[in-house]
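A short write-up of the structure that comes next.
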Amino acid sequence: MAFKIATWNINSVRLRMPIVERLIMEVAPDVLCLQETKCPNDLFPRERFEALGYPHIAMNGQKGYHGVATLSKMPFDDVVTQDYCAVGDARHLSARIAVGQRAIRVHNLYVPAGGDEPDPAINPKFRHKLDFVEEMRSMRASGEPGVSSILVGDLNIAPFPEDVWSHKQLLKVVSHTPVETEGLLRVIAEGGWSDLVRQALPLPEKVYTWWSYRAKDWTAADRGRRLDHVWSSADLSPHLTSVEILRDARGWERPSDHVPIVVSLDI
DNA sequence: ATGGTTGTGTGACAA
């Protein structure tokens, strides 16, 4: 059966509902993972998503900051949230979804951005980011017997030189420093994860999922970074049928600075 | 050239 999963940092779910609905109408993913919802759980627009065909909703939100939500057409159970670094941030949510005969644990993550100064000794936000990535090393693609895994989200790290507009100019910019990129690649390798985006769009093709709000013209300069990711356990990667980076969404009405990634699998 | 924009919620932060 065909299975389609999308991930999108929408930078406020309430403000962005019109374009989230546009994505749903145009793409109709089976599962939609949102990050940076910036919305307490009791104010989440649950009824709107139910009306759009997503009756199964898991959320981990907080007021004003962070927040992740997973919307599904198919039932899930065993929802787990992990409090990374034990600071009480709403940055993770996972659920075990029944897809045909298979069970898939879908992790939805929002890794700290890390501030501006790439020195953990003087920037606590960068220290927090590095600690968060360190804690991600315990997340294994084959963590549960008989359960496959997909990990999506805004990981706020662009690991490869071709994941940024200028490798040389971003080597000391938070999101592309060696300590971050090596840390994220270690999480992938040790956890037994497959990078589905790079499987479908292999190096050295440039791939970006984020463009700063601060640029005068995001598309003219095209100074993007690949901060959003979709990984899977090794058993799922042979079933990958397509990966779409919805670059056009950066130009939609009142856009997020991130665009959706849509991954299709034939399971 | 150390700028620039957006969001939450009306302040100062975070990104």
Side-chain angles (χ1 to χ4, degrees), chain A residues 7-23 33-45 59-69 83-85 87-92 108-120 122-133 136 152-159 163-166 168-177 179-181 183-184 208-229 247-261:
Chain A
T7 180
W8 197 8
N9 175 323
I10 32 80
N11 187 15
S12 170
V13 66
R14 285 173 288 176
L15 191 68
R16 229 61 82 182
M17 269 318 280
I19 58 171
V20 174
E21 293 191 23
R22 179 170 175 181
L23 175 78
C33 295
L34 302 175
Q35 302 87 37
E36 249 196 306
T37 53
K38 293 186 171 178
C39 182
N41 290 345
D42 57 347
L43 296 178
F44 191 88
M59 53 189 128
N60 181 15
Q62 67 183 83
K63 184 180 177 183
Y65 300 102
H66 324 313
V68 292
D83 181 9
Y84 280 81
C85 306
V87 291
D89 285 355
R91 294 182 178 274
H92 169 265
N108 183 355
L109 271 163
Y110 176 46
V111 174
D116 289 330
E117 178 56 57
D119 180 350
I122 61 175
N123 176 8
K125 286 188 276 194
F126 195 63
R127 175 79 267 157
H128 179 210
K129 184 178 195 177
L130 297 183
D131 291 345
F132 195 106
V133 172
M136 285 173 69
V152 308
D154 174 7
L155 306 186
N156 267 315
I157 297 172
D163 292 334
V164 293
W165 64 275
S166 169
K168 189 177 174 184
Q169 288 178 255
L170 288 173
L171 271 172
K172 292 180 179 175
V173 174
V174 171
S175 73
H176 194 60
T177 65
V179 64
E180 294 170 86
T181 60
L184 196 70
Y208 312 138
T209 64
W210 172 92
W211 292 262
S212 173
Y213 282 128
R214 298 175 188 175
K216 279 197 180 73
D217 183 340
W218 71 273
T219 188
D222 199 21
R223 294 185 169 186
R225 306 178 200 172
R226 185 171 75 104
L227 303 181
D228 302 274
H229 297 266
R247 181 187 170 101
D248 287 354
R250 186 62 179 79
W252 288 356
E253 184 84 17
R254 293 207 76 176
S256 170
D257 44 357
H258 295 254
V259 299
I261 303 174

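Keep in mind it's a predicted model, so treat the numbers as computed, not measured. Convention: sequence-line order gives letters A, B, ...; per-chain numbering from 1.
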Inset, instruction - State, without any angle test, whether A:T7 and A:Q35 hold a side-chain donor-acceptor pair at a distance under 3.5 Å. - result: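 Per modelled atom types, A:T7 and A:Q35 side chains form a pair under 3.5 Å.
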Inset, instruction - Would you give a per-nucleotide map of nucleotides 6-15 of chain B, 5' to 3', where B means the base has a protein non-hydrogen atom under 4.0 Å away, S means only the sugar-phosphate does, and - means neither? - result: SSSS----SB
Donor-acceptor check, side chain of [X] to backbone of [Y], threshold 3.5 angstrom: yes or no?
X      : Y      : answer
A:R250 : A:W211 : yes
A:N60  : A:H92  : yes
A:N108 : A:A69  : yes
A:R16  : A:I10  : yes

Legend entry - Within 6.0 angstrom of A:D119 CG, more than 12 heavy atoms from elsewhere: yes
Roughly how far apart, to the nearest Å, are [N] and [M] at atom [atom1]?
N      : M      : atom1 : answer
B:dA14 : B:dG9  : C1'   : 14 Å
B:dG4  : B:dA15 : C1'   : 13 Å
B:dG11 : B:dT6  : C1'   : 16 Å
B:dA12 : B:dA1  : P     : 32 Å

